[in-house]
Amino acid sequence: MNRTHAVDMEPAARAAELRARIEDANHRYHVLDDPDIPDAEYDRLMRELVALETAHPELVTPDSPTQRVGAAPSGAFATVRHEIPMLSLGNAFSDAEVEEFERRIEQRLEVRDPLFSVEPKFDGLAISLRYDDGMFVRGATRGDGEKGEEVTPNLRTIKAIPLKLRGKGWPRVLEVRGEVYMPRAGFERYNEKARASEGRIKPLVNPRNAAAGSLRQLDPRITAQRPLAFYAYALGVVEGGELPATHSATLKKLREWGFPVSELVDTARGAAGCLAYYARIGAQRDALPFDIDGVVYKLDDLAGQRELGFVGRTPRWAIAHKFPAQEQQTTVEAIDVNIGRTGAATPTARLAPVFVGGVTVTNATLHNADQVARLDVRVGDTVIVRRAGDVIPEVVRVIPEHRPPHAKPWQMPAHCPICGSDIVREEGEVVARCTGELTCAAQRVQAIFHFAARRAMDIDGLGERYIEDLGELGYVTSVADLYKLRLDDLLEMKRRADERDGTTPAHLLKSGVKAGKVATKWAENLIEAIGHSRRTTLERFLYALGIEHVGESTAKALAVWFGDLALIRHLPWPILKLVPDIGGEVARAIDAFFQQPGNQKVIDDLIARGVTIIDMHAPSAKLRAELAMASVLEQAEIPKLTAKRAEQVAAAFDSIGAMLKADAVALAGAGLPRDTADAVQAFIVTHDGRDLLLRCEHAVEQLRAATAGAAAIETGPLEGSTVVLTGTLSGLTRDEAKAKLEALGAKVAGSVSKKTSFVVAGESAGSKLDKARELGVEIWDEERLLAFFIGHPT
DNA sequence: ACACCTCGAGGTCG
DNA sequence: CTCGAGGTGT
């Protein structure tokens with residue numbers, strides 16, 4: 001069933017279709033305890049049907065699912081009739097709907113800003129408990145709201161449910177309603193046991209179904225093994241006793257009588273108060289020990305409740321305000337392959353747009369071919385989509401029943417969709433790669449995009465689109481070409497691109513601005529940004545080159561350690577490997593990159609076109625490099641080259657690289673006597689540069705030990721601590737915070753581990769904060785961080 | 001085994 | 001800004 005076609009259908013036909021689907025879902029959910037569609041999808045269908053029936057009242061049939069709440073109970077348990085039906089609540093999904101809810105109450109009761117009793121909406125199973133003379137006598141599931149199943153023996157196993165009331169003053173007959181649920185911890189523990197049992201115990205799908213399934217066990221001993229809990233939230237039949245006049249007071253009474261009532265229940269004034277409560281609970285949601293799918297607002301005044309009454313079976317005095325669904329159902333329209341900077345071919349699912357967890361999702365990464373195979377996702381499939389950690393959209397699973405008949409398993413294409421080169425997956429690797437390297441337009445674009453990135457060369461205004469245009473129209477084939485672009489080139493390019501696309505952006509036409517003028521501004525800005533980027537640091541430059549395995553952190557290590565591009569670009573890998581945190585794999589990758597003549601040429605071109613490295617680390621690192629070189633020269637026992645002279649030579653050149661290229665004249669210019677200069681040059685000529693650099697290895701290694709000691713001396717208050725930043729900081733940017741922390745000696749890492757000293761949590765911090773809590777890592781808020789900075793100026 | 005880094009991806013907001 | 005997979009380093 002494809003819902004993209006649904007809107008085109010006749011209302012009557014659509015209503016019939018909706019009914020059939022909802023009834024089917026009801027059956028699977030309530031009778032079989034084996035739901036086949038997510039709750040959100042069910043809600044959506046139901047809302048659509050309600051809307052349809054509201055618009056066309058003549059379409060309402062007696063058997064419509066809107067005319068009742070659930071499906072018939074299964075025959076396995078005795079049926080219990082609820083003398084007072086168990087309610088179902090109307091749903092609100094937006095602030096506007098909550099305000100509308102309040103407005104209706106205000107109008108009908110002629111009150112202002114009514115007081116609401118507010119509580120979390122537990123994701124479990126509603127039940128009803130009957131107490132005669134204070135003794136628990138019978139318990140039942142909600143069923144369809146009218147009739148439920150008697151599950152008294154199972155309920156008796158739940159320790160949160162009192163078998164005998166406490167305190168005093170309870171009515172002779174008391175029916176208490178609430179929710180049976182499975183706390184997350186219990187759910188996890190149970191599933192761990194299930195996994196360990198290797199198939200003997202079936203793992204539970206989710207806490208909600210777990211609660212439902214557990215209560216419907218025919219053998220209460222099985223129920224007893226399930227970690228179930230209970231919260232009370234309402235009353236049913238009450239005979240022979242006085243009750244308070246408000247819902248909140250009723251809940252208090254229930255607590256006194258021994259029922260668990262959530263700590264999170266509260267009261268709130270008006271829609272504004274309710275919305276504030278919604279935000280407050282929503283913020284805590286992930287940290288709660290149980291699942292909730294929203295909050296419930298109930299008019300606190302019971303007399304008011306009676307006056308408002310019901311529409312059908314839903315009360316006018318209460319509403320459930322649901323959180324955005326975290327899982328949704330949609331269809332896969334295509335599976336595309338993206339080619340990354342390194343050629344990595346990543347499959348991505350293009351989805352029919354769907355609203356999940358508060359945002360519209362149209363794409364979901366499938367990571368790699370293995371993942372696609374694991375899920376068996378095919379084009380045309382109906383899938384469940386979730387936002388992992390509430391952020392990154394991912395495909396959870398496919399619904400095989402909805403698979404179109406001729407869908408074929410997906411396969412990684414054999415050739416790059418951009419350049420046609422072979423896509424190859426190396427033995428033992430997970431990622432498949434396009435082998436086109438820089439002949440592949442996609443890789444070129446990505447390489448330039450990376451080069452221009454804020455944390456690399458920081459060329460503002462150079463987006464992916466323009467890079468594509470510049471490349472396709474032949475203006476830029478390597479990053480070095482960026483620095484020979486002139487204003488005219490950009491304008492010409494823009495004009496040709498617009499001609500090719502046959503478009504001038506619509507909003508420009510509308511606003512009446514001359515497109516040429518906008519293009520001029522863009523071109524001017526870009527030229528200026530490129531100009532700015534010419535002055536950069538060594539670590540940014542190295543990072544920008546996009547060497548495999550060289551990210552920011554490795555680039556910085558290289559910069560700090562060697563301090564000199566001319567040196568680094570000629571270093572053999574065994575020397576590179578001396579740097580802490582650089583191992584054989586990375587060292588070889590760097591070596592291999594610089595061995596490519598094309599890459600060396602790009603670097604030469606960049607320098608020739610004005611890229612200058614202003615290196616903050618140079619002095620100490622350069623000194624180290626000089627000393628290393630000097631000691632190699634010394635040990636070479638070159639005639640007449642004393643230790644002092646060797647140091648003099650090393651110091652006279654900007655870099656070792658420059659020195660290695662020096663001829664006798666230049667050496668003499670550095671102050672060496674002519675014969676010594678000749679001898680040194682002879683030495684340099686007989687050993688090629690790489691060989692000489694290799695000879696530095698020993699010297700560098702010794703220096704490394706020395707520097708390690710020196711680093712420990714320049715100690716800050718946070719020396720030796722590892723800090724992780726998460727969430728949004730308001731007073732300063734992340735980069736500023738990072739810089740300051742580093743200045744104080746801290747190491748700023750990207751992920752939380754037990755070695756983390758503390759986590760700084762800003763606004764809307766995510767999973768890293770959870771992880772920190774889990775590991776018991778100290779957590780700082782922004783205020784504390786700022787206070788610390790004030791206490792420890794840099 | 002564990003910690004950390006790289007690389008790629010998606011969505012929002014100004 | 002964030003997540004997750006896959007790798008590398010030690």
Counting only pairs under 3.5 Å, give me each side-chain donor-acceptor contact of residues 443-454 of chain A, with atom names and distances, residues two or more places apart or in other chains.
| residue | atom | partner | partner atom | Å |
| --- | --- | --- | --- | --- |
| A:Q443 | NE2 | A:C434 | O | 3.3 |
| A:R444 | NH1 | A:L438 | O | 2.9 |
| A:Q446 | NE2 | A:E464 | OE2 | 3.2 |
| A:H450 | NE2 | A:Y543 | O | 2.8 |

- Could you verify whether a donor N or O on one side chain and an acceptor N or O on the other, from A:E778 and A:W780, lie under 3.5 Å apart? yes
Here the gap from A:I613 atom CD1 to A:L538 atom CG, rounded to the nearest 0.5 Å, amounts to 5.0 Å
In whole angstroms, the gap separating P of B:dC7 from CD of A:E548 amounts to 7 Å
Note: contacts of residues 361-371 of chain A with DNA chain C (heavy atom, under 4.0 Å) are A:H367, A:N368
A:N338 atom CG is separated from C:dA5 atom P, nearest whole Å, by 18 Å
Under 4.0 Å between a Lys/Arg side-chain N and an Asp/Glu carboxylate O for A:D370 and A:R425?
yes
When rounded to the nearest 0.5 Å, the distance separating CG of A:N525 from CD1 of A:I530 is 11.0 Å
Taken to the nearest whole Å, CD/A:E585 to P/B:dC5 is 18 Å
Sorted by position of nearest nucleotide on DNA chain B, 5' first, the leading residue of A:T756 and A:R350 is A:T756
Atom CG of A:L558 and atom P of C:dT8 are separated, to the nearest Å, by 17 Å
Original post:
Heavy-atom distance under 4.5 Å between the side chains of A:L462 and A:I467, does that happen here?
Top reply: yes
Closest of B:dG11, B:dC5, C:dT10 to the A:T554 side chain is B:dC5
Tightest non-hydrogen contact, residues A:V379 and A:I335, listed as CG2-N, 3.9 Å
Between NZ of A:K556 and P of B:dT6 the distance, given in whole Å, is 12 Å
Are A:E394 and A:R386 ion-paired here, with the side-chain N under 4.0 Å from a carboxylate O? yes
Side-chain atoms of A:A344 come closest, of B:dG8, B:dG11, C:dG9, to B:dG8
All stems that DNA chain B takes part in, i.e. 3 or more consecutive Watson-Crick or G-U pairs with distances under 3.5 Å, are B:1-10 with C:1-10
In whole angstroms, the gap separating P of B:dG11 from CD of A:E394 amounts to 13 Å
When we call it a touch if two heavy atoms are under 4.0 Å apart, what does A:I547 touch: a base, just sugar-phosphate, or nothing?
sugar-phosphate
Derivation of the side-chain contact (heavy atoms from CB on, under 4.5 Å) call for A:L741 and A:L725:
CA-CA 10 Å; A:L741 286 164; A:L725 300 171; 3.9 Å; yes
Between A:R455 and A:E429, the residue closer to the 5' end of DNA chain C by nearest nucleotide is A:R455
Looking only at C:dG6, B:dC7, B:dA9, the nucleotide nearest the A:V430 side chain is C:dG6
Taking B:dC7, B:dG10, B:dA9 as options, the one with an atom nearest any side-chain atom of A:R341 is B:dC7
- Report yes if at least one side-chain N or O of A:T342 is closer than 4.0 Å to OP1 or OP2 of B:dG8; otherwise report no. yes
| said: Could you tell me if A:R378 sits above the aromatic ring of A:W410, with its cationic atom closer than 6.0 Å to the ring centre and no more than 45 degrees from the axis? | reply: no
Rounded to whole Å, CD1 of A:I582 lies from P of C:dG7 at a distance of 20 Å
Separation of B:dA9 atom C1' from A:I339 atom CD1, nearest Å, is 14 Å
Contacts of A:G583 and A:R374 projected onto DNA chain C by closest heavy atom; the upstream (5') one is A:R374
Per atom distances to the A:H549 side chain, the nearest of C:dG9, C:dT8, B:dG11 is C:dT8
